[in-house]
Amino acid sequence: MRSVVAIPGVAAEVQVAVPAWGSRPAGIGMAGFRGRADHAVEMRMVPYPALTIFIDFGSAGLILDAGGESRRGSAVVGLAPGTLRAECGREADCLQIRLSPVVAHTMLGDGADSSGAVLSLEDLWGREAGRIQERLHATRSWDERFALAAEALARRSATGRAVDPEIGFVWQRMVANRGRVRVERLADEVGWSRKRLWARFGAQIGLSPKRAAKLIRFDHVAHRLAAGHSVASVAVESGFADQSHLHRDAMSFAGLTPAGVAGAPWLAVDGVAWSPAMPRSARRRVES
């Protein structure tokens, strides 16, 4: 399916393509983006509980990390990167892949748990990354691009090192409960000490269990705010002590106030590309 989404606050429309998979592979999401604007577009990124691969086919794609160090073109963004901006040239053409950290550890290798880092795909896959990108560049069909990317990830998964089953269980429990979990209870459920869970989770996922749970909760909060719900109601339903507590989390993860998160252009495509809930400010026209 292809759709066109108007980006609020940005004089641009983006064509969004999603795979026509019968069933979505566990822990993997993909979307293709094409767009044209009358000037370069810069957007603040809102963190998501997944590692994100950007494969750029357009002009002057750019990912900037919080320290001002830039990485042009294709890149891999780790979990909870802090304040990040995505800058695209006037013509955007990009494949975006989101990997649950549970599968990312297997598919991307040891560097996948680099929390907050912005790396090149070559940093993780070496020469294979160049070959994959060349094949993806050679076709402009989104269906072919999705298939090629899925094939590359499957090959890596077949030879990669899986996370501990206990870590996978803990992550899934966090996601199922939208981050509202007690880590000590999860440690008891898998039969580990709190110290062991903290160490193994951090080594394989890239964040402490507590920080990971907060990130998952923040993702739910961000989409509720973008859908038009009030800060007060979102704070209550998400288990925050008060609105100022929610404000601190928003600043910590995205460098934005809750109001800034609610209107973030970065979230405008989520209703088409990643999530069944679309922000009210986004407009969609389904083409096929």
Arg196: salt bridge (charged side-chain N to carboxylate O under 4.0 Å, His left out) partners, not counting sequence neighbours: none
Partner of Leu51 by side chain to side chain contact (heavy atoms under 4.5 Å, CB included), out of Ile97, Leu119, Leu108: Leu108
In chain order, what residues pass the side-chain contact (heavy atoms from CB on, under 4.5 Å) check against Ala250, with sequence neighbours excluded? Phe218, Pro258, Val261
Going by the salt bridge (Lys or Arg N to Asp or Glu O under 4.0 Å) test, which pairs reach into residues 241-258, not counting sequence neighbours? Arg217-Asp249
Please lay out, stage by stage, how Glu128 and Arg155 fare under the test salt bridge (charged side-chain N to carboxylate O under 4.0 Å, His left out). CA-CA 11 Å; Glu128 184 183 358; Arg155 287 199 305 271; 3.8 Å; yes
Just so I know, are the side chains of Val234 and Phe240 near enough to count as touching, which here means a heavy-atom distance under 4.5 Å? no
So do the side chains of Val16 and Val14 get within less than 4.5 Å of each other, counting heavy atoms only? yes
Common cluster, Ile216/Met251, ILVMFWY with side-chain heavy-atom separation under 4.5 Å: no
Any ring-ring contact (aromatic ring centres under 6.0 Å, His included) involving residues 146-181? Give me the pairs, sequence neighbours left out, ordered by first then second residue. Trp142-Phe146
Give the C-alpha distance, both sets of side-chain angles, the deciding distance and a yes or no for side-chain contact (heavy atoms from CB on, under 4.5 Å) between Leu197 and Ile167. CA-CA 8 Å; Leu197 175 59; Ile167 299 300; 4.0 Å; yes
Could you check whether Arg44 makes a cation-pi contact with Trp266, meaning its NZ or CZ is under 6.0 Å from the centre of the six-membered ring and within 45° of the ring axis? no
Using the salt bridge (charged side-chain N to carboxylate O under 4.0 Å, His left out) criterion, which residues pair with Arg178? Sequence neighbours excluded. none
Should Thr106 and Arg156 count as side-chain neighbours, where that means a heavy-atom distance under 4.5 Å? no
Considering residues at least two apart in sequence or located in another chain, which fulfil the salt bridge (charged side-chain N to carboxylate O under 4.0 Å, His left out) criterion with Glu237? Arg224
Checking side-chain polar atoms at under 3.5 Å, does Gln133 have a donor or acceptor matched by the opposite partner on Ser74? yes
Residue set satisfying side-chain hydrogen bond (donor to acceptor under 3.5 Å, both in side chains) with Ser120, at least two apart, ordered chain then number -> Asp123
Can you sort out the partners of Ala232 under side-chain contact (heavy atoms from CB on, under 4.5 Å), two or more places apart, ordered by chain and number? Ser230, Gln243
Any residue meeting side-chain hydrogen bond (donor to acceptor under 3.5 Å, both in side chains) with Glu144, in chain and number order, not counting sequence neighbours: Thr139
The reported gap from CG in Asp93 to CZ in Arg145 (rounded to nearest 0.5 angstrom) is 4.5 Å
In terms of heavy-atom contacts, Ala213 and Met174 come closest through N-SD, 4.1 Å
Less than 4.5 Å apart, any side-chain heavy atom of Gln204 and any of Asp164? yes
For Ser157, side-chain hydrogen bond (donor to acceptor under 3.5 Å, both in side chains) partners two or more places apart: none
If a pair satisfies side-chain hydrogen bond (donor to acceptor under 3.5 Å, both in side chains) and one of its residues is in residues 183-195, list it, with sequence neighbours excluded. Arg173-Glu189, Glu184-Arg194
Side chain proximity check, His247 to Thr257, heavy atoms < 4.5 angstrom: yes
Heavy-atom distance under 4.5 Å between the side chains of Pro49 and Val175, does that happen here? no
Under the rule for salt bridge (charged side-chain N to carboxylate O under 4.0 Å, His left out), what residues qualify as partners of Arg211, not counting sequence neighbours? none
